[in-house]
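These numbers come from a predicted model, not from an experiment. Proteins get letters first, then strands, A, B, ... in listed order; numbering begins at 1 in each.
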Amino acid sequence: MSEAPMIAIEGLSKTYASGFTALKNVSLTIDRGEIFALLGPNGAGKTTLISIVCGLARASGGRVTVGGHDVVTDYRAARSLIGLVPQELTTDAFETVFDTTSFSRGLFGKPPNPAYIEKVLTDLSLIDKRDSRIMTLSGGMKRRVLIAKALSHEPAVLFLDEPTAGVDVELRRDMWRVVRQLRDAGTTIILTTHYLEEAEEMADRIGVINRGELMLVEEKTTLMRRLGGKRLTIELAEPVAAVPDMLAPYGFEISADGRKLVHSYDASGEGSAIAPILAALAGTGLAVKDLGTEESTLEEIFVGLVGGKS
Amino acid sequence: MNALSLNIHAIRAIYRFEMARTRRTLLQSIVSPVLSTSLYFVVFGSAIGPHMNEIAGVSYGAFLVPGLIMLGLLTQSISNASFGIYFPRFVGTIYELLSAPVSPLETVIAYVGAAATKSTLLALITLGTAALFVDLRIDHPFWMVAFLLLTAVTFSLTGFIIGIWADNFEKLQLVPLLIVTPLTFLGGSFYSIDMLPPFWRTVTLFNPVVYLVSGFRWSFYGHSDVPVGISLGMTFVFMLICLAVISWIFRTGYRLKR
(Lines give C-alpha, C1' and ligand atoms only; values in the text may rest on other atoms or scores of the structure.)
Protein backbone atom coordinates (compact mmCIF):
# COMPACT_ATOMS: atom_id res chain seq x y z
CA MET A 1 0.00 0.00 0.00
CA SER A 2 1.39 3.35 -0.87
CA GLU A 3 -0.53 6.39 0.26
CA ALA A 4 0.04 9.57 -1.75
CA PRO A 5 2.54 11.82 0.02
CA MET A 6 1.23 14.85 1.87
CA ILE A 7 3.90 17.03 0.29
CA ALA A 8 5.59 16.32 -3.02
CA ILE A 9 8.40 18.57 -4.21
CA GLU A 10 9.81 17.93 -7.67
CA GLY A 11 12.89 19.60 -9.11
CA LEU A 12 12.42 22.79 -7.11
CA SER A 13 14.83 25.59 -7.79
CA LYS A 14 15.00 29.20 -6.77
CA THR A 15 17.30 31.93 -7.99
CA TYR A 16 16.74 35.39 -6.55
CA ALA A 17 16.87 38.56 -8.60
CA SER A 18 20.32 39.21 -7.13
CA GLY A 19 21.52 36.05 -8.89
CA PHE A 20 21.86 34.06 -5.67
CA THR A 21 20.69 30.47 -6.12
CA ALA A 22 18.94 29.39 -2.94
CA LEU A 23 17.63 26.02 -4.14
CA LYS A 24 19.02 23.66 -6.75
CA ASN A 25 16.72 21.01 -8.16
CA VAL A 26 15.35 19.84 -4.82
CA SER A 27 13.03 16.82 -4.84
CA LEU A 28 11.43 15.49 -1.69
CA THR A 29 8.29 13.75 -0.51
CA ILE A 30 6.87 13.95 2.99
CA ASP A 31 4.36 11.40 4.17
CA ARG A 32 1.15 12.04 6.02
CA GLY A 33 1.50 12.17 9.77
CA GLU A 34 5.28 12.18 9.96
CA ILE A 35 7.60 14.63 11.64
CA PHE A 36 10.22 15.67 9.13
CA ALA A 37 13.20 17.72 10.28
CA LEU A 38 15.07 19.80 7.75
CA LEU A 39 18.56 20.56 8.91
CA GLY A 40 21.11 22.87 7.44
CA PRO A 41 23.38 25.78 8.29
CA ASN A 42 22.30 29.39 7.90
CA GLY A 43 21.60 30.27 4.27
CA ALA A 44 21.28 26.61 3.27
CA GLY A 45 17.83 27.14 1.71
CA LYS A 46 15.54 25.84 4.47
CA THR A 47 13.42 28.96 4.80
CA THR A 48 13.30 29.47 1.02
CA LEU A 49 11.97 25.93 0.63
CA ILE A 50 9.27 26.53 3.24
CA SER A 51 8.45 29.93 1.75
CA ILE A 52 7.80 28.43 -1.67
CA VAL A 53 5.58 25.66 -0.30
CA CYS A 54 3.59 28.17 1.77
CA GLY A 55 3.22 30.79 -0.96
CA LEU A 56 5.61 33.45 0.36
CA ALA A 57 8.08 33.07 -2.49
CA ARG A 58 7.89 32.03 -6.10
CA ALA A 59 9.86 29.12 -7.43
CA SER A 60 12.15 29.59 -10.42
CA GLY A 61 11.47 26.02 -11.49
CA GLY A 62 9.87 22.80 -10.34
CA ARG A 63 6.56 21.92 -8.79
CA VAL A 64 5.13 21.51 -5.30
CA THR A 65 1.89 19.82 -4.28
CA VAL A 66 0.32 19.71 -0.83
CA GLY A 67 -2.35 17.10 -0.30
CA GLY A 68 -2.29 16.59 -4.07
CA HIS A 69 -2.99 20.29 -4.76
CA ASP A 70 -0.50 22.35 -6.75
CA VAL A 71 0.64 25.29 -4.62
CA VAL A 72 0.45 27.66 -7.61
CA THR A 73 -2.48 26.58 -9.77
CA ASP A 74 -4.62 25.28 -6.90
CA TYR A 75 -3.27 27.52 -4.15
CA ARG A 76 -6.53 27.86 -2.26
CA ALA A 77 -6.87 24.15 -1.58
CA ALA A 78 -3.14 23.75 -0.91
CA ARG A 79 -2.81 26.67 1.47
CA SER A 80 -5.95 25.84 3.43
CA LEU A 81 -4.14 22.64 4.52
CA ILE A 82 -1.08 24.49 5.80
CA GLY A 83 -0.26 26.21 9.07
CA LEU A 84 2.98 28.17 9.21
CA VAL A 85 4.95 29.26 12.26
CA PRO A 86 7.58 31.67 10.95
CA GLN A 87 11.07 32.00 12.25
CA GLU A 88 10.73 35.59 13.38
CA LEU A 89 8.41 36.80 16.13
CA THR A 90 6.11 38.75 13.85
CA THR A 91 2.89 39.58 15.64
CA ASP A 92 0.31 42.34 15.78
CA ALA A 93 1.47 44.03 18.95
CA PHE A 94 -1.82 45.78 19.73
CA GLU A 95 -4.16 42.81 19.23
CA THR A 96 -5.24 40.47 22.02
CA VAL A 97 -4.22 36.83 21.93
CA PHE A 98 -7.78 35.66 21.34
CA ASP A 99 -8.49 38.21 18.61
CA THR A 100 -5.32 37.56 16.66
CA THR A 101 -5.88 33.80 16.78
CA SER A 102 -9.50 34.22 15.65
CA PHE A 103 -8.28 36.53 12.87
CA SER A 104 -6.00 33.79 11.57
CA ARG A 105 -8.85 31.28 11.54
CA GLY A 106 -10.98 33.66 9.46
CA LEU A 107 -8.12 34.38 7.09
CA PHE A 108 -7.94 30.68 6.27
CA GLY A 109 -11.63 30.60 5.39
CA LYS A 110 -12.99 29.00 8.54
CA PRO A 111 -16.10 30.30 10.31
CA PRO A 112 -15.64 31.66 13.85
CA ASN A 113 -15.33 28.96 16.50
CA PRO A 114 -14.51 30.48 19.89
CA ALA A 115 -14.61 27.07 21.61
CA TYR A 116 -11.92 25.69 19.29
CA ILE A 117 -9.76 28.80 19.68
CA GLU A 118 -10.00 28.44 23.46
CA LYS A 119 -8.99 24.80 23.19
CA VAL A 120 -5.90 25.75 21.15
CA LEU A 121 -5.01 28.45 23.67
CA THR A 122 -5.49 25.99 26.52
CA ASP A 123 -3.26 23.37 24.84
CA LEU A 124 -0.55 25.98 24.47
CA SER A 125 -0.94 27.27 28.04
CA LEU A 126 -2.10 30.62 26.70
CA ILE A 127 -5.64 30.63 28.02
CA ASP A 128 -4.73 32.90 30.95
CA LYS A 129 -3.47 35.43 28.42
CA ARG A 130 -6.45 35.29 26.07
CA ASP A 131 -7.34 38.97 26.62
CA SER A 132 -3.78 40.24 26.93
CA ARG A 133 -2.32 42.38 24.21
CA ILE A 134 0.53 40.64 22.44
CA MET A 135 2.92 43.49 23.17
CA THR A 136 2.70 42.64 26.88
CA LEU A 137 3.83 39.03 26.40
CA SER A 138 7.30 37.56 26.77
CA GLY A 139 9.19 36.22 23.74
CA GLY A 140 8.31 32.64 24.63
CA MET A 141 4.64 33.49 24.94
CA LYS A 142 4.71 35.29 21.60
CA ARG A 143 6.17 32.15 20.07
CA ARG A 144 3.22 30.20 21.47
CA VAL A 145 0.83 32.77 20.00
CA LEU A 146 2.38 32.18 16.57
CA ILE A 147 1.80 28.46 16.99
CA ALA A 148 -1.78 29.10 18.12
CA LYS A 149 -2.38 31.24 15.03
CA ALA A 150 -0.96 28.51 12.80
CA LEU A 151 -3.21 25.91 14.43
CA SER A 152 -6.32 28.09 14.47
CA HIS A 153 -7.70 26.67 11.21
CA GLU A 154 -6.98 23.02 12.04
CA PRO A 155 -4.25 22.50 9.41
CA ALA A 156 -3.25 19.06 8.16
CA VAL A 157 0.33 20.23 7.68
CA LEU A 158 2.27 22.37 10.10
CA PHE A 159 5.51 24.12 9.19
CA LEU A 160 7.67 25.13 12.13
CA ASP A 161 10.54 27.32 11.02
CA GLU A 162 13.03 27.31 13.90
CA PRO A 163 10.18 27.00 16.42
CA THR A 164 12.27 27.01 19.56
CA ALA A 165 14.91 29.54 18.59
CA GLY A 166 15.63 31.68 21.61
CA VAL A 167 13.16 30.00 23.97
CA ASP A 168 14.10 28.50 27.31
CA VAL A 169 14.49 24.78 27.91
CA GLU A 170 11.18 24.41 29.72
CA LEU A 171 9.23 26.03 26.91
CA ARG A 172 11.12 23.99 24.35
CA ARG A 173 10.09 20.76 26.09
CA ASP A 174 6.53 22.09 26.25
CA MET A 175 6.52 22.69 22.52
CA TRP A 176 7.90 19.26 21.80
CA ARG A 177 4.99 17.85 23.78
CA VAL A 178 2.52 19.87 21.72
CA VAL A 179 4.17 18.80 18.46
CA ARG A 180 3.97 15.14 19.47
CA GLN A 181 0.29 15.55 20.33
CA LEU A 182 -0.31 17.06 16.91
CA ARG A 183 1.52 14.24 15.20
CA ASP A 184 -0.53 11.73 17.20
CA ALA A 185 -3.65 13.52 15.94
CA GLY A 186 -2.46 12.95 12.36
CA THR A 187 -0.88 16.32 11.55
CA THR A 188 2.14 16.25 9.26
CA ILE A 189 4.93 18.36 10.74
CA ILE A 190 7.92 19.84 9.00
CA LEU A 191 10.40 21.60 11.19
CA THR A 192 13.63 23.36 10.54
CA THR A 193 15.93 23.70 13.46
CA HIS A 194 19.41 24.56 14.52
CA TYR A 195 18.99 22.43 17.62
CA LEU A 196 20.07 18.98 16.53
CA GLU A 197 18.90 17.70 19.87
CA GLU A 198 15.43 18.78 18.77
CA ALA A 199 15.60 16.82 15.54
CA GLU A 200 17.11 13.86 17.31
CA GLU A 201 14.36 13.95 19.91
CA MET A 202 11.38 14.42 17.63
CA ALA A 203 11.90 13.67 13.96
CA ASP A 204 10.88 10.50 12.16
CA ARG A 205 12.92 11.46 9.13
CA ILE A 206 15.69 13.94 8.59
CA GLY A 207 16.72 15.88 5.52
CA VAL A 208 20.02 17.70 5.36
CA ILE A 209 20.24 20.70 3.06
CA ASN A 210 23.33 22.71 2.30
CA ARG A 211 23.92 25.43 -0.28
CA GLY A 212 20.52 24.79 -1.82
CA GLU A 213 21.09 21.09 -2.37
CA LEU A 214 19.34 18.33 -0.50
CA MET A 215 22.27 16.19 0.56
CA LEU A 216 20.34 13.32 2.06
CA VAL A 217 16.95 12.25 3.35
CA GLU A 218 16.89 9.35 5.75
CA GLU A 219 14.92 7.79 8.56
CA LYS A 220 16.46 9.18 11.73
CA THR A 221 17.35 5.76 13.12
CA THR A 222 18.84 4.61 9.82
CA LEU A 223 20.82 7.82 9.52
CA MET A 224 22.29 7.47 12.94
CA ARG A 225 23.06 3.81 12.35
CA ARG A 226 24.53 4.37 8.90
CA LEU A 227 26.54 7.50 9.48
CA GLY A 228 26.98 7.42 13.20
CA GLY A 229 29.90 5.83 14.97
CA LYS A 230 30.68 4.32 18.36
CA ARG A 231 33.60 4.76 20.67
CA LEU A 232 34.97 2.41 23.29
CA THR A 233 36.90 4.22 26.00
CA ILE A 234 39.10 2.36 28.46
CA GLU A 235 40.09 4.42 31.48
CA LEU A 236 43.26 3.18 33.13
CA ALA A 237 44.18 3.23 36.80
CA GLU A 238 47.80 4.09 35.91
CA PRO A 239 48.95 6.05 32.85
CA VAL A 240 50.80 4.29 30.03
CA ALA A 241 53.35 5.73 27.62
CA ALA A 242 52.05 3.96 24.50
CA VAL A 243 49.27 1.70 23.29
CA PRO A 244 50.19 -1.84 24.42
CA ASP A 245 51.26 -4.15 21.60
CA MET A 246 48.32 -6.51 22.15
CA LEU A 247 45.85 -3.67 21.54
CA ALA A 248 47.73 -2.10 18.62
CA PRO A 249 45.92 -4.12 15.89
CA TYR A 250 42.62 -2.53 16.94
CA GLY A 251 43.66 1.05 16.15
CA PHE A 252 43.50 2.48 19.66
CA GLU A 253 44.34 6.09 20.30
CA ILE A 254 45.89 7.22 23.53
CA SER A 255 44.94 10.38 25.42
CA ALA A 256 47.55 13.04 26.15
CA ASP A 257 47.79 12.08 29.82
CA GLY A 258 48.09 8.38 28.94
CA ARG A 259 45.12 7.45 31.10
CA LYS A 260 42.61 6.71 28.32
CA LEU A 261 42.64 4.37 25.36
CA VAL A 262 39.96 5.09 22.75
CA HIS A 263 38.78 2.72 20.00
CA SER A 264 36.31 3.97 17.33
CA TYR A 265 34.16 1.52 15.39
CA ASP A 266 31.17 1.26 13.07
CA ALA A 267 27.79 1.97 14.65
CA SER A 268 26.21 -0.99 12.87
CA GLY A 269 28.27 -3.17 15.12
CA GLU A 270 29.21 -5.52 12.30
CA GLY A 271 32.75 -4.28 12.04
CA SER A 272 33.41 -4.06 15.75
CA ALA A 273 35.33 -6.63 17.73
CA ILE A 274 34.57 -5.85 21.33
CA ALA A 275 34.98 -9.43 22.58
CA PRO A 276 38.53 -9.94 21.21
CA ILE A 277 39.47 -6.45 22.41
CA LEU A 278 38.36 -7.29 25.92
CA ALA A 279 40.32 -10.55 25.76
CA ALA A 280 43.40 -8.67 24.54
CA LEU A 281 42.94 -6.08 27.26
CA ALA A 282 42.92 -8.82 29.90
CA GLY A 283 46.13 -10.13 28.36
CA THR A 284 47.91 -6.79 28.74
CA GLY A 285 47.56 -6.92 32.53
CA LEU A 286 46.62 -3.25 32.65
CA ALA A 287 44.59 -2.10 35.67
CA VAL A 288 41.30 -0.81 34.25
CA LYS A 289 39.55 1.92 36.23
CA ASP A 290 36.47 2.24 34.01
CA LEU A 291 35.17 1.25 30.61
CA GLY A 292 32.39 2.75 28.48
CA THR A 293 30.92 3.15 25.01
CA GLU A 294 29.44 6.25 23.38
CA GLU A 295 27.34 6.71 20.25
CA SER A 296 27.73 9.65 17.83
CA THR A 297 25.16 12.34 18.24
CA LEU A 298 23.18 13.68 15.31
CA GLU A 299 25.20 16.84 15.72
CA GLU A 300 28.43 15.00 15.00
CA ILE A 301 26.88 13.36 11.95
CA PHE A 302 25.55 16.70 10.73
CA VAL A 303 28.84 18.51 11.20
CA GLY A 304 30.59 15.67 9.39
CA LEU A 305 28.19 15.90 6.47
CA VAL A 306 27.98 19.66 6.09
CA GLY A 307 31.55 20.30 7.11
CA GLY A 308 32.81 17.88 4.50
CA LYS A 309 30.75 19.51 1.78
CA SER A 310 31.50 23.13 2.67
CA MET B 1 -14.55 26.90 -1.00
CA ASN B 2 -13.80 26.49 -4.71
CA ALA B 3 -11.72 28.72 -6.92
CA LEU B 4 -14.70 30.77 -8.04
CA SER B 5 -16.26 31.42 -4.64
CA LEU B 6 -15.10 34.21 -2.39
CA ASN B 7 -13.34 33.57 0.91
CA ILE B 8 -15.93 35.60 2.80
CA HIS B 9 -14.48 34.70 6.20
CA ALA B 10 -11.11 36.09 5.16
CA ILE B 11 -12.63 39.31 3.82
CA ARG B 12 -14.57 39.73 7.05
CA ALA B 13 -11.50 38.98 9.19
CA ILE B 14 -9.32 41.57 7.42
CA TYR B 15 -12.11 44.14 7.31
CA ARG B 16 -12.85 43.77 11.02
CA PHE B 17 -9.15 43.87 11.85
CA GLU B 18 -8.76 47.16 9.96
CA MET B 19 -11.86 48.68 11.50
CA ALA B 20 -10.67 47.62 14.96
CA ARG B 21 -7.52 49.67 14.38
CA THR B 22 -9.71 52.71 13.74
CA ARG B 23 -11.51 52.13 17.03
CA ARG B 24 -8.19 51.78 18.86
CA THR B 25 -6.97 55.07 17.43
CA LEU B 26 -10.25 56.92 17.63
CA LEU B 27 -8.68 60.26 18.54
CA GLN B 28 -6.29 60.20 15.61
CA SER B 29 -8.79 58.64 13.20
CA ILE B 30 -11.83 60.82 13.77
CA VAL B 31 -11.28 63.70 16.16
CA SER B 32 -8.27 65.07 14.32
CA PRO B 33 -9.93 65.43 10.87
CA VAL B 34 -13.07 66.89 12.47
CA LEU B 35 -10.97 69.43 14.31
CA SER B 36 -9.03 70.46 11.22
CA THR B 37 -12.26 70.76 9.20
CA SER B 38 -13.76 72.97 11.91
CA LEU B 39 -10.66 75.16 11.79
CA TYR B 40 -11.05 75.52 8.00
CA PHE B 41 -14.61 76.74 8.54
CA VAL B 42 -13.59 79.12 11.30
CA VAL B 43 -10.79 80.62 9.18
CA PHE B 44 -12.14 80.45 5.63
CA GLY B 45 -15.87 80.27 6.28
CA SER B 46 -16.43 82.59 9.24
CA ALA B 47 -13.43 84.95 9.18
CA ILE B 48 -12.73 85.35 5.45
CA GLY B 49 -16.00 84.08 3.97
CA PRO B 50 -18.17 87.13 4.82
CA HIS B 51 -15.77 89.31 2.83
CA MET B 52 -16.06 87.09 -0.26
CA ASN B 53 -18.72 87.33 -2.96
CA GLU B 54 -21.15 84.50 -3.50
CA ILE B 55 -19.94 81.87 -5.97
CA ALA B 56 -22.51 80.31 -8.31
CA GLY B 57 -25.27 81.60 -6.12
CA VAL B 58 -24.02 80.14 -2.81
CA SER B 59 -22.15 81.73 0.07
CA TYR B 60 -18.40 81.15 0.16
CA GLY B 61 -18.77 79.14 3.37
CA ALA B 62 -21.29 76.80 1.74
CA PHE B 63 -19.22 76.68 -1.46
CA LEU B 64 -16.26 75.38 0.57
CA VAL B 65 -18.08 72.36 1.98
CA PRO B 66 -17.84 69.92 -0.97
CA GLY B 67 -14.19 70.84 -1.53
CA LEU B 68 -13.30 70.36 2.12
CA ILE B 69 -15.11 67.04 2.26
CA MET B 70 -13.28 65.94 -0.88
CA LEU B 71 -9.95 67.09 0.57
CA GLY B 72 -10.53 64.94 3.66
CA LEU B 73 -11.89 62.04 1.65
CA LEU B 74 -8.87 61.89 -0.66
CA THR B 75 -6.24 62.20 2.06
CA GLN B 76 -7.97 59.81 4.45
CA SER B 77 -8.65 57.20 1.76
CA ILE B 78 -5.03 57.23 0.73
CA SER B 79 -3.57 57.27 4.22
CA ASN B 80 -5.89 54.55 5.60
CA ALA B 81 -5.37 52.18 2.68
CA SER B 82 -1.64 52.76 2.38
CA PHE B 83 -1.05 52.27 6.11
CA GLY B 84 -3.34 49.23 6.20
CA ILE B 85 -1.22 47.23 3.76
CA TYR B 86 2.16 48.85 4.54
CA PHE B 87 2.13 48.13 8.27
CA PRO B 88 1.93 44.31 7.98
CA ARG B 89 4.74 44.51 5.44
CA PHE B 90 6.76 46.65 7.83
CA VAL B 91 6.31 44.42 10.91
CA GLY B 92 6.39 41.16 8.93
CA THR B 93 2.86 39.93 9.64
CA ILE B 94 2.19 40.03 5.89
CA TYR B 95 3.45 36.43 5.84
CA GLU B 96 0.09 35.33 7.15
CA LEU B 97 -1.88 37.02 4.38
CA LEU B 98 0.47 35.69 1.70
CA SER B 99 0.30 32.13 3.01
CA ALA B 100 -3.50 32.16 3.42
CA PRO B 101 -5.98 30.94 0.80
CA VAL B 102 -6.90 34.52 -0.03
CA SER B 103 -7.10 35.76 -3.62
CA PRO B 104 -5.89 39.19 -4.76
CA LEU B 105 -9.52 40.22 -5.29
CA GLU B 106 -10.44 39.30 -1.72
CA THR B 107 -7.38 41.10 -0.39
CA VAL B 108 -8.31 44.27 -2.26
CA ILE B 109 -11.99 44.07 -1.30
CA ALA B 110 -11.07 43.76 2.37
CA TYR B 111 -8.32 46.39 2.64
CA VAL B 112 -9.82 48.90 0.22
CA GLY B 113 -13.30 48.30 1.59
CA ALA B 114 -12.16 49.06 5.13
CA ALA B 115 -10.21 52.15 4.07
CA ALA B 116 -13.14 53.45 1.98
CA THR B 117 -15.56 52.81 4.86
CA LYS B 118 -13.41 54.83 7.24
CA SER B 119 -12.90 57.74 4.86
CA THR B 120 -16.61 57.80 3.94
CA LEU B 121 -17.58 57.88 7.61
CA LEU B 122 -15.16 60.76 8.13
CA ALA B 123 -16.61 62.58 5.13
CA LEU B 124 -20.09 62.23 6.61
CA ILE B 125 -18.82 63.48 9.98
CA THR B 126 -17.21 66.43 8.19
CA LEU B 127 -20.50 67.09 6.43
CA GLY B 128 -22.30 67.03 9.78
CA THR B 129 -19.69 69.36 11.30
CA ALA B 130 -20.03 71.74 8.33
CA ALA B 131 -23.79 71.86 8.82
CA LEU B 132 -23.13 73.44 12.22
CA PHE B 133 -21.35 76.38 10.56
CA VAL B 134 -23.18 77.01 7.28
CA ASP B 135 -26.56 76.49 5.66
CA LEU B 136 -26.28 73.48 3.39
CA ARG B 137 -28.41 72.07 0.65
CA ILE B 138 -27.92 68.89 -1.35
CA ASP B 139 -29.69 69.03 -4.72
CA HIS B 140 -28.74 65.51 -5.85
CA PRO B 141 -28.31 63.29 -2.74
CA PHE B 142 -28.03 60.08 -4.76
CA TRP B 143 -25.19 61.49 -6.84
CA MET B 144 -23.60 62.98 -3.74
CA VAL B 145 -23.38 59.51 -2.19
CA ALA B 146 -22.30 58.00 -5.53
CA PHE B 147 -19.44 60.51 -5.93
CA LEU B 148 -18.48 60.02 -2.30
CA LEU B 149 -18.25 56.23 -2.59
CA LEU B 150 -16.62 56.24 -6.00
CA THR B 151 -13.95 58.68 -4.87
CA ALA B 152 -13.39 56.84 -1.59
CA VAL B 153 -12.89 53.53 -3.38
CA THR B 154 -10.72 55.01 -6.14
CA PHE B 155 -8.36 56.78 -3.75
CA SER B 156 -8.28 53.84 -1.38
CA LEU B 157 -7.05 51.82 -4.37
CA THR B 158 -4.42 54.52 -4.90
CA GLY B 159 -3.47 54.26 -1.23
CA PHE B 160 -3.20 50.49 -1.52
CA ILE B 161 -0.73 50.91 -4.38
CA ILE B 162 1.30 53.42 -2.38
CA GLY B 163 1.32 51.04 0.61
CA ILE B 164 2.77 48.29 -1.56
CA TRP B 165 5.27 50.57 -3.29
CA ALA B 166 6.57 52.29 -0.15
CA ASP B 167 9.50 50.63 1.56
CA ASN B 168 9.76 53.13 4.39
CA PHE B 169 7.50 55.53 6.28
CA GLU B 170 8.90 58.53 4.44
CA LYS B 171 7.75 57.18 1.08
CA LEU B 172 4.39 56.38 2.62
CA GLN B 173 3.93 60.09 3.32
CA LEU B 174 5.62 61.32 0.15
CA VAL B 175 2.83 60.89 -2.40
CA PRO B 176 0.00 62.20 -0.19
CA LEU B 177 2.10 65.15 0.95
CA LEU B 178 3.82 66.17 -2.26
CA ILE B 179 1.27 65.19 -4.88
CA VAL B 180 -2.23 64.63 -3.52
CA THR B 181 -2.48 67.60 -1.16
CA PRO B 182 -1.19 70.16 -3.73
CA LEU B 183 -3.47 68.69 -6.40
CA THR B 184 -6.42 68.93 -4.03
CA PHE B 185 -5.65 72.52 -3.07
CA LEU B 186 -5.19 73.45 -6.73
CA GLY B 187 -8.16 71.38 -7.84
CA GLY B 188 -10.85 73.90 -7.00
CA SER B 189 -11.49 72.88 -3.40
CA PHE B 190 -11.49 76.49 -2.27
CA TYR B 191 -12.44 78.29 -5.51
CA SER B 192 -14.22 77.82 -8.80
CA ILE B 193 -11.77 77.25 -11.63
CA ASP B 194 -13.85 79.80 -13.60
CA MET B 195 -12.16 82.39 -11.36
CA LEU B 196 -8.76 81.57 -12.91
CA PRO B 197 -7.23 83.25 -15.98
CA PRO B 198 -7.82 81.18 -19.19
CA PHE B 199 -4.25 79.79 -19.30
CA TRP B 200 -4.29 78.50 -15.71
CA ARG B 201 -7.82 77.24 -16.18
CA THR B 202 -6.58 75.05 -19.05
CA VAL B 203 -3.61 73.86 -16.99
CA THR B 204 -5.95 73.01 -14.11
CA LEU B 205 -7.97 70.72 -16.36
CA PHE B 206 -5.01 68.31 -16.28
CA ASN B 207 -5.53 67.93 -12.53
CA PRO B 208 -7.78 64.88 -11.93
CA VAL B 209 -8.98 66.29 -8.61
CA VAL B 210 -10.77 69.09 -10.49
CA TYR B 211 -13.22 66.54 -11.89
CA LEU B 212 -13.88 64.96 -8.51
CA VAL B 213 -14.48 68.27 -6.73
CA SER B 214 -16.54 69.65 -9.59
CA GLY B 215 -18.81 66.61 -9.80
CA PHE B 216 -19.20 66.45 -6.05
CA ARG B 217 -20.02 70.17 -5.81
CA TRP B 218 -22.59 69.76 -8.58
CA SER B 219 -24.39 67.15 -6.42
CA PHE B 220 -24.74 69.82 -3.72
CA TYR B 221 -25.57 73.01 -5.60
CA GLY B 222 -26.22 71.95 -9.22
CA HIS B 223 -23.19 73.94 -10.39
CA SER B 224 -20.04 72.42 -11.82
CA ASP B 225 -16.81 73.65 -13.38
CA VAL B 226 -16.76 70.78 -15.87
CA PRO B 227 -19.69 68.68 -17.20
CA VAL B 228 -20.81 66.06 -14.66
CA GLY B 229 -20.57 63.22 -17.19
CA ILE B 230 -16.89 64.05 -17.73
CA SER B 231 -16.32 64.13 -13.95
CA LEU B 232 -17.86 60.72 -13.58
CA GLY B 233 -15.99 59.33 -16.59
CA MET B 234 -12.63 60.63 -15.36
CA THR B 235 -13.18 59.11 -11.93
CA PHE B 236 -13.94 55.75 -13.54
CA VAL B 237 -10.86 56.02 -15.75
CA PHE B 238 -8.68 56.71 -12.70
CA MET B 239 -10.24 53.77 -10.90
CA LEU B 240 -9.54 51.47 -13.85
CA ILE B 241 -5.92 52.62 -13.96
CA CYS B 242 -5.57 51.81 -10.23
CA LEU B 243 -7.14 48.38 -10.74
CA ALA B 244 -4.77 47.66 -13.63
CA VAL B 245 -1.76 48.59 -11.50
CA ILE B 246 -2.98 46.42 -8.60
CA SER B 247 -3.58 43.53 -10.96
CA TRP B 248 0.02 43.88 -12.17
CA ILE B 249 1.27 43.97 -8.56
CA PHE B 250 -0.37 40.66 -7.71
CA ARG B 251 0.57 39.08 -11.02
CA THR B 252 4.25 39.86 -10.56
CA GLY B 253 4.35 39.69 -6.75
CA TYR B 254 5.94 43.17 -6.77
CA ARG B 255 7.19 44.00 -3.25
CA LEU B 256 5.07 41.18 -1.85
CA LYS B 257 6.71 37.92 -2.81
CA ARG B 258 10.35 37.07 -2.99
Side-chain angles (χ1 to χ4, degrees), chain A residues 14 16-18 20 22 47-48 50-60 69 71 73-96 99-113 133-134 146 149-150 152-153 155 159 161, chain B residues 1-29 83-107 109-111 113-114 167 249-258:
Chain A
K14 173 68 181 177
Y16 286 105
S18 62
F20 173 70
T47 300
T48 299
I50 288 182
S51 298
I52 291 173
V53 178
C54 294
L56 304 180
R58 290 166 184 244
S60 307
H69 307 286
V71 297
T73 58
D74 194 8
Y75 72 92
R76 272 192 196 281
R79 290 185 201 168
S80 61
L81 296 173
I82 300 174
L84 168 64
V85 181
Q87 196 176 124
E88 273 144 35
L89 286 175
T90 47
T91 52
D92 294 303
F94 304 104
E95 288 284 296
T96 67
D99 286 349
T100 196
T101 312
S102 300
F103 168 79
S104 301
R105 183 177 172 84
L107 207 54
F108 279 76
K110 291 275 177 126
N113 186 344
R133 286 194 176 187
I134 297 171
L146 288 177
K149 282 165 78 68
S152 65
H153 63 283
F159 281 92
D161 196 1
Chain B
M1 183 173 58
N2 60 48
L4 295 175
S5 66
L6 283 178
N7 184 347
I8 297 294
H9 293 298
I11 295 174
R12 187 184 299 152
I14 298 170
Y15 184 87
R16 289 180 60 168
F17 178 87
E18 286 297 300
M19 295 308 285
R21 186 151 50 76
T22 306
R23 284 195 293 278
R24 280 200 303 270
T25 55
L26 208 60
L27 198 69
Q28 180 196 330
S29 299
F83 190 80
I85 192 68
Y86 175 74
F87 197 65
R89 288 180 56 227
F90 177 71
V91 296
T93 51
I94 193 80
Y95 84 87
E96 205 175 12
L97 176 70
L98 297 177
S99 64
V102 183
S103 70
L105 177 66
E106 289 150 0
T107 305
I109 289 175
Y111 278 105
D167 50 14
I249 285 171
F250 280 107
R251 213 171 46 249
T252 59
Y254 173 74
R255 298 251 161 122
L256 284 175
K257 295 198 178 195
R258 286 172 291 153

Residue part contacting chain B, namely of A:Leu107, when any heavy atom lies under 4.5 Å
both
Using 4.0 Å as the upper bound for N to carboxylate O, is an ion pair formed by B:Glu106 and B:Arg12?
no
Taking side chain as everything from C-beta outward and backbone as N, CA, C, O, which of these in A:Ser102 sits under 4.5 Å from a heavy atom of chain B? Side chain, backbone, both or neither.
neither
Strictly by modelled atom types, are A:Tyr16 and A:Thr48 linked by a side-chain donor-acceptor pair under 3.5 Å?
yes
Where does B:Leu97 contact chain A at under 4.5 Å (heavy atoms): side chain, backbone, both or neither?
both
Let me see the working for A:Arg79 and A:Cys54 under side chain to side chain contact (heavy atoms under 4.5 Å, CB included), right down to the final yes or no.
CA-CA 7 Å; A:Arg79 290 185 201 168; A:Cys54 294; over 6 Å; no
Given the options B:Gly253, B:Ala110, B:Ser103, which has more heavy-atom pairs under 4.5 Å with chain A than any of the others?
B:Ser103
Any idea which of B:Ser99, B:Ala10, B:Ala13, B:Gly92 has the most non-hydrogen atom pairs under 4.5 angstrom with chain A?
B:Ser99
Contact winner vs chain B - A:Val53, A:Thr91, A:Leu56, heavy-atom pairs under 4.5 Å:
A:Leu56
Quick one: do A:Glu95 and B:Arg24 make a salt bridge, cutoff under 4.0 Å?
yes
What part of A:Lys110 gets within 4.5 angstrom of chain B, counting heavy atoms only: side chain, backbone, both, or neither?
backbone
Exercise: identify the closest heavy-atom pair between A:Phe108 and A:Ser80
CD2-CA, 4.4 Å
Closest non-hydrogen atom pair between A:Arg58 and B:Thr252, with its separation:
NH2-C, 3.7 Å
